[in-house]
Amino acid sequence: MTKAIDIKEKLTSITAYWTPYIAARVNDHYVKLARLNGEFVWHSHESEDELFLVVRGELFLDFRDKTVVVGAGQMYVVPRGVEHKPRTGPQGADVVLFEPVTTRHTGSTISDRTVDKLDWI
């Protein structure tokens, strides 16, 4: 890495919602950036925890028994195997994700939102 990564600058260059981009690799984990707006799909990651760090906006993590609200400057770890559905308020949200390289963003769920090959940003 030759210079510091400007997360806000990278996030503003993303035009596709719910499509994570790889910003860095830390050992066997990716640091991903994504812009979110509206609702995603119910899914789980059987073998990986998933960390959401909200940079802008508000993220609602729906679980079958509760909803967790994550605001700007806050983070939340969804434990492996726990089914969840991320969604945002009307203003959307920008997030940093920290996950193992093998993590598929829709877990074992296949939908029109599934991205098989992530690009670097």
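Throughout, numbering of the chain's residues begins at 1 and tracks the sequence.
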Going by heavy atoms in the side chains, are Y17 and F40 under 4.5 Å from each other? no
Quick check: closest heavy atoms across [X] and [Y], and the distance to 0.1 Å?
X	Y	result
A34	L11	O-CD2, 3.6 Å
A16	Y21	CB-OH, 4.4 Å
L33	I14	O-CD1, 3.8 Å

Over 12 non-hydrogen atoms of neighbours within 6.0 angstrom of NZ in K10: no
Sub-3.5 Å donor-acceptor pair from the side chain of D49 to the main-chain atoms of P79, do we have one? no
Quick check: does any side chain N or O of H84 sit under 3.5 Å from a backbone N or O of H43, one acting as donor and the other as acceptor? yes
I need the [X] [atom1] to [Y] [atom2] distance, nearest 0.5 Å.
X	Y	atom1	atom2	result
D6	T12	CG	OG1	8.0 Å
L97	L51	CG	CG	8.0 Å
T19	L36	OG1	CG	9.5 Å

Which pairs of donor and acceptor atoms, one on a side chain in residues 52-65, lie under 3.5 Å apart (sequence neighbours left out)?
unit_1: R56; atom_1: NE; unit_2: D94; atom_2: OD2; d: 3.1
unit_1: R56; atom_1: NH1; unit_2: Q91; atom_2: O; d: 3.1
unit_1: R56; atom_1: NH2; unit_2: D94; atom_2: OD1; d: 3.4
unit_1: D62; atom_1: OD1; unit_2: T67; atom_2: OG1; d: 2.8
unit_1: D62; atom_1: OD1; unit_2: R87; atom_2: NE; d: 3.2
unit_1: D62; atom_1: OD1; unit_2: R87; atom_2: NH2; d: 3.2
unit_1: D62; atom_1: OD2; unit_2: R87; atom_2: NE; d: 2.6
unit_1: R64; atom_1: NE; unit_2: E83; atom_2: OE1; d: 2.9
unit_1: R64; atom_1: NH2; unit_2: E83; atom_2: OE1; d: 3.3
unit_1: R64; atom_1: NH2; unit_2: E83; atom_2: OE2; d: 3.1

When clusters are formed by joining ILVMFWY residues with side-chain heavy atoms under 4.5 Å apart, either directly or through shared neighbours, do V69 and Y76 land in the same one? no
Counterpart residues, ring-ring contact (aromatic ring centres under 6.0 Å, His included), relative to H29 (two or more places apart): F98
